[in-house]
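Worth saying up front: this structure is predicted, and the values here are computed from it rather than measured.
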Amino acid sequence: MKQSAGILDNKSLGTIVSELKGNISGGCSLSVVSALFSIYAYDELSEDLSKVSRFRLLVPSDGDGESFFANLCGNYLDRSLRNRLDVTRIARECSEWLKLKCEVRELPSSVHQNLIHLSHSSNDEQLAIVGSASFCTDGLGILLSEAHHMNTCFRNSDEAHSLIKWFDKLWASGKNNNLFEVNLQEALSLIYSDKTPQQIYFLTLFNIFRDFIGELDEDKIIKSQTGIKSTQVWQKLYKFQRDGVLGAIDKIERYNGCIIADSVGLGKTFEALAVIKYYELRNDRVLVLCPKKLRENWTLYTVNDKRNILASDRFNFDVLNHTDLTRVQGMTGEINLETLNWGNYDLDVIDE
(Lines give C-alpha, C1' and ligand atoms only; values in the text may rest on other atoms or scores of the structure.)
Protein backbone atom coordinates (compact mmCIF):
# COMPACT_ATOMS: atom_id res chain seq x y z
CA MET A 1 0.00 0.00 0.00
CA LYS A 2 1.12 3.53 -0.67
CA GLN A 3 1.33 6.06 2.13
CA SER A 4 -1.44 8.36 1.04
CA ALA A 5 -4.94 9.52 1.88
CA GLY A 6 -7.94 10.05 -0.33
CA ILE A 7 -11.66 10.74 -0.38
CA LEU A 8 -14.24 8.02 -1.03
CA ASP A 9 -17.75 9.28 -1.78
CA ASN A 10 -19.18 5.99 -3.09
CA LYS A 11 -19.62 7.72 -6.42
CA SER A 12 -17.07 9.29 -8.76
CA LEU A 13 -14.29 9.43 -6.16
CA GLY A 14 -14.40 5.72 -5.46
CA THR A 15 -16.34 3.24 -3.36
CA ILE A 16 -15.53 1.62 -0.05
CA VAL A 17 -16.48 -1.84 -1.31
CA SER A 18 -13.90 -1.61 -4.12
CA GLU A 19 -11.23 -0.50 -1.65
CA LEU A 20 -11.99 -3.45 0.62
CA LYS A 21 -12.04 -6.00 -2.19
CA GLY A 22 -8.70 -4.71 -3.41
CA ASN A 23 -6.99 -4.92 -0.02
CA ILE A 24 -8.44 -7.82 1.97
CA SER A 25 -6.09 -10.80 1.88
CA GLY A 26 -5.55 -13.97 3.87
CA GLY A 27 -4.83 -13.57 7.57
CA CYS A 28 -5.76 -9.89 7.83
CA SER A 29 -7.79 -8.40 10.68
CA LEU A 30 -10.88 -6.23 10.13
CA SER A 31 -12.23 -3.84 12.77
CA VAL A 32 -15.47 -1.94 12.21
CA VAL A 33 -17.40 0.74 14.08
CA SER A 34 -20.90 0.96 12.63
CA ALA A 35 -24.42 1.40 14.00
CA LEU A 36 -25.77 -0.59 11.02
CA PHE A 37 -24.92 -4.01 9.60
CA SER A 38 -26.60 -5.47 6.52
CA ILE A 39 -26.45 -9.13 5.52
CA TYR A 40 -26.47 -7.99 1.89
CA ALA A 41 -23.27 -6.04 2.51
CA TYR A 42 -21.81 -9.25 3.94
CA ASP A 43 -23.02 -11.22 0.91
CA GLU A 44 -21.29 -8.87 -1.53
CA LEU A 45 -18.02 -9.23 0.40
CA SER A 46 -18.46 -12.85 1.55
CA GLU A 47 -15.66 -14.26 -0.63
CA ASP A 48 -13.22 -11.64 0.66
CA LEU A 49 -14.44 -11.79 4.26
CA SER A 50 -13.80 -15.53 4.34
CA LYS A 51 -10.07 -14.67 4.16
CA VAL A 52 -10.21 -12.51 7.30
CA SER A 53 -8.69 -14.10 10.40
CA ARG A 54 -10.53 -11.84 12.84
CA PHE A 55 -13.49 -9.49 12.54
CA ARG A 56 -14.39 -7.12 15.35
CA LEU A 57 -17.71 -5.28 15.12
CA LEU A 58 -18.38 -2.46 17.57
CA VAL A 59 -21.98 -1.22 17.53
CA PRO A 60 -22.60 2.22 19.06
CA SER A 61 -26.06 2.26 20.61
CA ASP A 62 -27.51 4.84 22.99
CA GLY A 63 -30.82 2.95 22.90
CA ASP A 64 -31.75 -0.72 22.69
CA GLY A 65 -30.17 -1.47 19.32
CA GLU A 66 -33.58 -1.56 17.64
CA SER A 67 -32.34 0.25 14.53
CA PHE A 68 -29.42 -2.17 14.18
CA PHE A 69 -31.61 -5.28 14.17
CA ALA A 70 -34.33 -3.66 12.05
CA ASN A 71 -31.79 -3.03 9.28
CA LEU A 72 -30.19 -6.49 9.12
CA CYS A 73 -32.10 -7.14 5.88
CA GLY A 74 -31.31 -3.68 4.57
CA ASN A 75 -33.53 -0.70 3.93
CA TYR A 76 -35.82 0.30 1.06
CA LEU A 77 -32.81 0.61 -1.26
CA ASP A 78 -32.21 -3.14 -0.90
CA ARG A 79 -35.60 -4.11 -2.29
CA SER A 80 -34.10 -5.43 -5.53
CA LEU A 81 -31.78 -7.66 -3.49
CA ARG A 82 -34.62 -8.94 -1.32
CA ASN A 83 -36.59 -9.73 -4.48
CA ARG A 84 -34.00 -12.38 -5.33
CA LEU A 85 -35.58 -14.40 -2.49
CA ASP A 86 -32.26 -15.75 -1.20
CA VAL A 87 -32.34 -14.03 2.18
CA THR A 88 -32.54 -17.38 3.99
CA ARG A 89 -29.27 -18.59 2.48
CA ILE A 90 -27.49 -15.29 3.07
CA ALA A 91 -28.65 -15.00 6.70
CA ARG A 92 -27.57 -18.58 7.46
CA GLU A 93 -24.14 -18.12 5.83
CA CYS A 94 -23.67 -14.79 7.59
CA SER A 95 -24.56 -16.37 10.92
CA GLU A 96 -22.00 -19.15 10.44
CA TRP A 97 -19.31 -16.68 9.38
CA LEU A 98 -19.96 -14.46 12.40
CA LYS A 99 -19.69 -17.46 14.74
CA LEU A 100 -16.40 -18.44 13.16
CA LYS A 101 -14.67 -15.10 12.70
CA CYS A 102 -16.50 -12.34 14.53
CA GLU A 103 -16.63 -10.71 17.94
CA VAL A 104 -19.45 -8.25 18.54
CA ARG A 105 -19.60 -5.65 21.27
CA GLU A 106 -22.11 -2.93 21.99
CA LEU A 107 -20.93 0.53 22.95
CA PRO A 108 -23.67 2.09 25.10
CA SER A 109 -23.20 5.55 23.63
CA SER A 110 -23.23 7.20 20.22
CA VAL A 111 -20.20 7.63 17.96
CA HIS A 112 -20.39 10.29 15.27
CA GLN A 113 -18.00 8.60 12.84
CA ASN A 114 -17.92 5.13 11.34
CA LEU A 115 -14.63 3.31 10.97
CA ILE A 116 -13.40 0.40 8.87
CA HIS A 117 -9.82 -0.64 9.69
CA LEU A 118 -7.86 -3.35 7.91
CA SER A 119 -4.48 -4.57 9.13
CA HIS A 120 -2.05 -7.19 7.78
CA SER A 121 -0.02 -8.91 10.45
CA SER A 122 2.47 -10.23 7.92
CA ASN A 123 3.76 -6.84 6.76
CA ASP A 124 2.26 -4.34 9.23
CA GLU A 125 0.36 -2.57 6.45
CA GLN A 126 -2.85 -0.85 7.47
CA LEU A 127 -5.86 0.67 5.77
CA ALA A 128 -8.37 2.88 7.58
CA ILE A 129 -11.60 4.38 6.22
CA VAL A 130 -13.35 6.84 8.49
CA GLY A 131 -16.45 8.90 7.78
CA SER A 132 -20.19 8.71 7.28
CA ALA A 133 -20.60 5.29 5.67
CA SER A 134 -21.94 2.38 7.71
CA PHE A 135 -21.56 -1.35 7.00
CA CYS A 136 -24.58 -1.64 4.69
CA THR A 137 -25.02 -1.75 0.92
CA ASP A 138 -25.47 1.97 0.32
CA GLY A 139 -22.90 2.82 3.00
CA LEU A 140 -20.23 0.73 1.29
CA GLY A 141 -21.17 1.84 -2.21
CA ILE A 142 -22.58 -1.53 -3.27
CA LEU A 143 -25.83 0.24 -4.15
CA LEU A 144 -26.07 3.87 -5.18
CA SER A 145 -26.95 5.95 -2.15
CA GLU A 146 -29.23 8.95 -2.10
CA ALA A 147 -27.00 10.47 0.58
CA HIS A 148 -23.76 12.37 -0.01
CA HIS A 149 -21.09 10.32 1.76
CA MET A 150 -17.79 11.74 2.92
CA ASN A 151 -15.15 9.16 3.86
CA THR A 152 -11.41 9.57 4.16
CA CYS A 153 -9.21 6.63 3.28
CA PHE A 154 -5.80 6.43 4.97
CA ARG A 155 -3.31 3.97 3.52
CA ASN A 156 -0.58 2.83 5.91
CA SER A 157 -0.21 6.31 7.39
CA ASP A 158 0.19 7.58 10.91
CA GLU A 159 -3.55 8.32 10.88
CA ALA A 160 -4.36 4.67 10.16
CA HIS A 161 -2.22 3.57 13.14
CA SER A 162 -3.87 6.21 15.33
CA LEU A 163 -7.37 5.14 14.30
CA ILE A 164 -6.84 1.51 15.36
CA LYS A 165 -5.65 2.78 18.74
CA TRP A 166 -8.86 4.81 18.95
CA PHE A 167 -10.83 1.69 18.04
CA ASP A 168 -9.03 -0.42 20.64
CA LYS A 169 -9.89 2.13 23.31
CA LEU A 170 -13.56 2.07 22.36
CA TRP A 171 -13.47 -1.73 22.12
CA ALA A 172 -12.12 -1.99 25.67
CA SER A 173 -14.89 0.25 26.99
CA GLY A 174 -17.65 -1.62 25.15
CA LYS A 175 -19.90 -4.14 26.87
CA ASN A 176 -18.40 -7.62 26.80
CA ASN A 177 -21.16 -9.81 28.22
CA ASN A 178 -21.93 -11.43 24.83
CA LEU A 179 -25.61 -10.47 25.15
CA PHE A 180 -25.57 -8.29 22.02
CA GLU A 181 -23.82 -11.05 20.08
CA VAL A 182 -26.45 -13.55 21.26
CA ASN A 183 -29.22 -11.18 20.21
CA LEU A 184 -27.61 -10.80 16.79
CA GLN A 185 -27.53 -14.57 16.29
CA GLU A 186 -31.15 -14.85 17.41
CA ALA A 187 -32.15 -12.12 14.94
CA LEU A 188 -30.37 -13.92 12.10
CA SER A 189 -31.94 -17.22 13.15
CA LEU A 190 -35.36 -15.60 12.97
CA ILE A 191 -34.60 -14.63 9.36
CA TYR A 192 -33.39 -18.02 8.11
CA SER A 193 -35.53 -20.38 10.23
CA ASP A 194 -38.53 -22.16 8.73
CA LYS A 195 -41.83 -20.33 9.27
CA THR A 196 -45.18 -21.91 10.06
CA PRO A 197 -48.19 -21.14 7.83
CA GLN A 198 -49.67 -19.21 10.76
CA GLN A 199 -46.58 -16.98 11.03
CA ILE A 200 -46.64 -16.29 7.29
CA TYR A 201 -50.36 -15.43 7.49
CA PHE A 202 -49.87 -13.02 10.39
CA LEU A 203 -46.83 -11.44 8.73
CA THR A 204 -48.86 -10.90 5.56
CA LEU A 205 -51.66 -9.24 7.54
CA PHE A 206 -49.16 -7.05 9.35
CA ASN A 207 -47.59 -5.78 6.13
CA ILE A 208 -50.99 -5.13 4.56
CA PHE A 209 -52.25 -3.13 7.52
CA ARG A 210 -48.99 -1.82 9.00
CA ASP A 211 -49.76 1.76 7.95
CA PHE A 212 -53.03 1.67 9.89
CA ILE A 213 -51.76 0.01 13.06
CA GLY A 214 -51.84 2.45 15.94
CA GLU A 215 -53.87 5.00 14.01
CA LEU A 216 -57.15 4.37 15.79
CA ASP A 217 -56.72 7.10 18.37
CA GLU A 218 -60.24 7.47 19.71
CA ASP A 219 -59.77 11.01 20.97
CA LYS A 220 -58.41 12.20 17.63
CA ILE A 221 -60.97 10.50 15.40
CA ILE A 222 -64.27 11.22 17.09
CA LYS A 223 -65.33 14.61 18.36
CA SER A 224 -66.07 13.98 22.04
CA GLN A 225 -68.44 16.95 22.26
CA THR A 226 -70.92 15.06 20.11
CA GLY A 227 -71.72 12.83 23.08
CA ILE A 228 -71.34 9.60 21.09
CA LYS A 229 -69.71 7.78 24.01
CA SER A 230 -72.78 8.25 26.17
CA THR A 231 -75.24 6.84 23.61
CA GLN A 232 -76.88 3.49 24.12
CA VAL A 233 -75.64 2.07 20.82
CA TRP A 234 -72.02 2.90 21.73
CA GLN A 235 -72.38 1.27 25.14
CA LYS A 236 -73.68 -1.94 23.54
CA LEU A 237 -70.65 -2.32 21.24
CA TYR A 238 -67.82 -4.73 22.02
CA LYS A 239 -64.27 -3.42 21.93
CA PHE A 240 -63.61 -4.85 18.45
CA GLN A 241 -66.85 -3.26 17.18
CA ARG A 242 -65.85 0.14 18.58
CA ASP A 243 -62.53 -0.22 16.75
CA GLY A 244 -64.53 -0.92 13.59
CA VAL A 245 -66.65 2.18 14.13
CA LEU A 246 -63.57 4.33 14.75
CA GLY A 247 -61.92 2.92 11.62
CA ALA A 248 -65.06 3.59 9.56
CA ILE A 249 -65.40 7.18 10.78
CA ASP A 250 -61.70 7.78 10.20
CA LYS A 251 -61.90 6.54 6.61
CA ILE A 252 -65.11 8.43 5.89
CA GLU A 253 -63.44 11.63 7.04
CA ARG A 254 -60.27 10.88 5.04
CA TYR A 255 -61.62 9.31 1.87
CA ASN A 256 -65.30 10.26 1.88
CA GLY A 257 -66.36 6.63 2.09
CA CYS A 258 -65.83 3.27 3.76
CA ILE A 259 -66.88 -0.39 3.47
CA ILE A 260 -67.62 -2.33 6.67
CA ALA A 261 -66.92 -5.91 5.61
CA ASP A 262 -66.96 -7.94 8.82
CA SER A 263 -68.09 -11.56 8.63
CA VAL A 264 -71.67 -12.64 9.25
CA GLY A 265 -72.75 -12.30 12.87
CA LEU A 266 -70.11 -9.80 13.98
CA GLY A 267 -72.53 -6.89 14.24
CA LYS A 268 -72.12 -4.83 11.08
CA THR A 269 -75.63 -3.33 11.57
CA PHE A 270 -74.82 -2.09 15.07
CA GLU A 271 -71.50 -0.70 13.89
CA ALA A 272 -73.33 1.14 11.10
CA LEU A 273 -75.90 2.43 13.60
CA ALA A 274 -73.10 3.81 15.78
CA VAL A 275 -71.61 5.56 12.74
CA ILE A 276 -75.07 6.94 11.88
CA LYS A 277 -75.57 8.18 15.45
CA TYR A 278 -72.21 9.93 15.40
CA TYR A 279 -73.15 11.88 12.29
CA GLU A 280 -76.67 12.55 13.54
CA LEU A 281 -75.17 14.08 16.67
CA ARG A 282 -73.28 16.40 14.32
CA ASN A 283 -76.65 17.43 12.85
CA ASP A 284 -76.00 15.59 9.59
CA ARG A 285 -78.93 14.10 7.66
CA VAL A 286 -78.56 10.36 7.03
CA LEU A 287 -80.12 8.09 4.40
CA VAL A 288 -80.13 4.29 4.63
CA LEU A 289 -80.59 2.34 1.39
CA CYS A 290 -81.40 -1.33 1.86
CA PRO A 291 -83.15 -4.28 0.13
CA LYS A 292 -86.90 -4.12 0.59
CA LYS A 293 -86.94 -7.34 2.60
CA LEU A 294 -84.53 -5.82 5.13
CA ARG A 295 -86.38 -2.53 5.44
CA GLU A 296 -87.86 -3.26 8.87
CA ASN A 297 -84.40 -4.18 10.21
CA TRP A 298 -83.60 -0.48 9.91
CA THR A 299 -86.91 1.33 10.36
CA LEU A 300 -87.38 -0.44 13.69
CA TYR A 301 -84.70 1.80 15.25
CA THR A 302 -86.46 5.00 14.14
CA VAL A 303 -89.89 4.33 15.65
CA ASN A 304 -91.47 4.08 19.09
CA ASP A 305 -91.63 0.30 19.32
CA LYS A 306 -91.09 -2.09 22.24
CA ARG A 307 -88.63 -4.06 20.10
CA ASN A 308 -86.45 -0.98 19.62
CA ILE A 309 -83.69 -1.56 22.18
CA LEU A 310 -82.06 1.73 21.12
CA ALA A 311 -85.14 3.88 21.57
CA SER A 312 -83.38 6.31 23.92
CA ASP A 313 -80.93 7.23 21.13
CA ARG A 314 -83.82 8.60 19.05
CA PHE A 315 -82.48 7.75 15.61
CA ASN A 316 -83.89 9.98 12.89
CA PHE A 317 -82.48 8.64 9.61
CA ASP A 318 -84.55 8.02 6.48
CA VAL A 319 -84.86 4.52 4.99
CA LEU A 320 -85.38 3.82 1.28
CA ASN A 321 -85.32 0.61 -0.72
CA HIS A 322 -82.76 -0.12 -3.42
CA THR A 323 -85.61 -0.19 -5.95
CA ASP A 324 -86.60 3.35 -5.00
CA LEU A 325 -83.53 4.59 -6.83
CA THR A 326 -85.28 3.85 -10.14
CA ARG A 327 -88.60 5.43 -9.18
CA VAL A 328 -89.54 9.07 -9.69
CA GLN A 329 -92.86 9.04 -7.86
CA GLY A 330 -94.83 7.12 -5.27
CA MET A 331 -94.54 6.70 -1.53
CA THR A 332 -92.03 4.72 0.51
CA GLY A 333 -93.28 4.80 4.06
CA GLU A 334 -93.89 8.48 4.72
CA ILE A 335 -91.43 9.63 2.02
CA ASN A 336 -92.83 11.02 -1.24
CA LEU A 337 -90.28 10.12 -3.92
CA GLU A 338 -91.62 12.80 -6.28
CA THR A 339 -90.68 15.62 -3.91
CA LEU A 340 -87.72 14.02 -2.14
CA ASN A 341 -84.59 16.20 -2.03
CA TRP A 342 -81.96 13.54 -2.78
CA GLY A 343 -79.08 15.98 -2.55
CA ASN A 344 -79.84 16.98 1.03
CA TYR A 345 -78.25 13.92 2.66
CA ASP A 346 -74.84 14.22 4.30
CA LEU A 347 -74.26 10.49 4.82
CA ASP A 348 -75.51 7.56 2.76
CA VAL A 349 -75.48 4.10 4.32
CA ILE A 350 -75.97 1.21 1.87
CA ASP A 351 -76.94 -2.20 3.17
CA GLU A 352 -76.26 -4.81 0.53
Side-chain angles (χ1 to χ4, degrees), residues 1 8 16-61 65 68-69 71-72 90-108 111 113-131 133-137 139-142 151-189:
M1 300 180 187
L8 299 175
I16 295 175
V17 66
S18 297
E19 200 70 33
L20 291 176
K21 286 185 174 183
N23 288 282
I24 292 178
S25 60
C28 65
S29 177
L30 185 62
S31 303
V32 174
V33 178
S34 175
L36 299 177
F37 179 88
S38 164
I39 62 173
Y40 291 112
Y42 156 79
D43 187 49
E44 178 68 24
L45 288 165
S46 59
E47 184 177 343
D48 303 281
L49 292 175
S50 65
K51 305 173 185 176
V52 172
S53 61
R54 185 188 187 193
F55 179 61
R56 291 186 294 173
L57 175 62
L58 185 61
V59 182
S61 174
F68 178 88
F69 294 110
N71 283 275
L72 279 176
I90 296 173
R92 183 179 286 108
E93 291 178 1
C94 182
S95 174
E96 293 301 319
W97 174 75
L98 289 172
K99 290 176 184 177
L100 185 65
K101 299 287 183 74
C102 185
E103 299 172 68
V104 183
R105 290 187 185 180
E106 180 187 15
L107 185 66
V111 176
Q113 295 288 326
N114 296 306
L115 171 67
I116 299 175
H117 187 279
L118 188 64
S119 63
H120 298 263
S121 57
S122 59
N123 54 19
D124 198 35
E125 289 187 340
Q126 297 187 23
L127 171 76
I129 301 171
V130 62
S134 54
F135 204 87
C136 54
T137 53
L140 298 183
I142 299 168
N151 302 281
T152 305
C153 180
F154 300 99
R155 298 176 178 86
N156 204 33
S157 62
D158 292 339
E159 287 84 354
H161 289 77
S162 298
L163 285 167
I164 193 59
K165 291 181 181 179
W166 174 74
F167 177 91
D168 289 337
K169 185 177 180 181
L170 291 178
W171 183 258
S173 64
K175 290 183 179 178
N176 192 23
N177 57 9
N178 294 324
L179 180 59
F180 196 86
E181 191 166 351
V182 170
N183 291 339
L184 174 56
Q185 287 296 338
E186 288 180 352
L188 289 170
S189 175

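Counting heavy atoms from C-beta outward, R54 and K101 have side chains that stay 4.5 Å or more apart. Using a 4.5 Å heavy-atom cutoff, the side chains of F69 and L184 are in contact. Side chains of S173 and L107 form a contact here, defined as non-hydrogen atoms less than 4.5 Å apart. For the pair D43/C94, no side-chain contact is recorded, criterion being any heavy-atom separation below 4.5 Å from C-beta on. Counting heavy atoms from C-beta outward, L49 and I24 have side chains that approach closer than 4.5 Å. The side-chain heavy atoms of I116 and L140, taken from C-beta on, include a pair separated by under 4.5 Å. The shortest distance between side-chain heavy atoms of F37 and V59 does not fall below 4.5 Å. Contact check for F154 versus L127: no side-chain heavy atoms found under the 4.5 Å cut-off.
With 3.5 Å as the limit, one finds no donor-acceptor pair spanning the side chains of S119 and E125.
Look at K99 and E181 and you find no salt bridge, because none of the NZ, NE, NH1 or NH2 atoms lies under 4.0 Å from a carboxylate O.
When all heavy atoms are compared, the tightest approach of P60 to V33 is CG-CG1, 3.8 Å. Taking every heavy atom of both residues into account, I129 and C153 meet most closely at CG1-SG, 4.0 Å. Looking at every heavy atom in both residues, A128 comes nearest to L163 through CB-CD1, 3.7 Å. The minimum heavy-atom distance linking L188 with A91 is given by the pair O-CB, 4.1 Å.
Atom CD1 of I39 is separated from atom CZ of R92 by 11.5 Å, given to the nearest 0.5 angstrom. Between the OG atom of S50 and the CD atom of E93 there is a distance of 11.0 Å, given to the nearest 0.5 Å. The CG atom of N23 sits 11.0 Å away from atom CG of L30, with the distance rounded to the nearest 0.5 Å. Considering CG of L36 and CG of L72, their distance stands at 9.5 Å, rounded to 0.5 Å. Note that the CG atom of L118 and the CZ atom of F55 stand 11.0 Å from one another [nearest 0.5 Å]. The CG atom of L57 lies 8.0 Å from the CG atom of L98; values are rounded to the nearest 0.5 Å.
Within the structure, every pair that satisfies the side-chain hydrogen bond (donor to acceptor under 3.5 Å, both in side chains) test and touches residues 24-39, not counting sequence neighbours, is listed here: S25-H120, S31-R56.
The backbone N or O of Q185 sits nowhere less than 3.5 Å from a side-chain atom of S95 that would complete a donor-acceptor pair.
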What do the steps show when you test E19 against R155 for salt bridge (charged side-chain N to carboxylate O under 4.0 Å, His left out), and what is the final call?
CA-CA 10 Å; E19 200 70 33; R155 298 176 178 86; 3.0 Å; yes

Can you check salt bridge (charged side-chain N to carboxylate O under 4.0 Å, His left out) on K21 and E47, steps first, answer last?
CA-CA 9 Å; K21 286 185 174 183; E47 184 177 343; over 6 Å; no

Verdict with reasoning, I164 to Q126, per side chain to side chain contact (heavy atoms under 4.5 Å, CB included)
CA-CA 9 Å; I164 193 59; Q126 297 187 23; 3.8 Å; yes

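Residue L8 forms a side chain to side chain contact (heavy atoms under 4.5 Å, CB included) with just one option from V17, I16, T152, and that option is I16. Results of the side chain to side chain contact (heavy atoms under 4.5 Å, CB included) test with L58 over V111, L115, L170 single out L170 as the only residue that passes.
Annotation: side-chain contact (heavy atoms from CB on, under 4.5 Å) contacts of Q113 (sequence neighbours excluded): V130. Every side-chain hydrogen bond (donor to acceptor under 3.5 Å, both in side chains) that R105 has, sequence neighbours left out, goes to N176.
Under the 6.0 Å cut-off for aromatic ring centres, F135 and F68 do not qualify, their centroids lying 6.0 Å or more apart.
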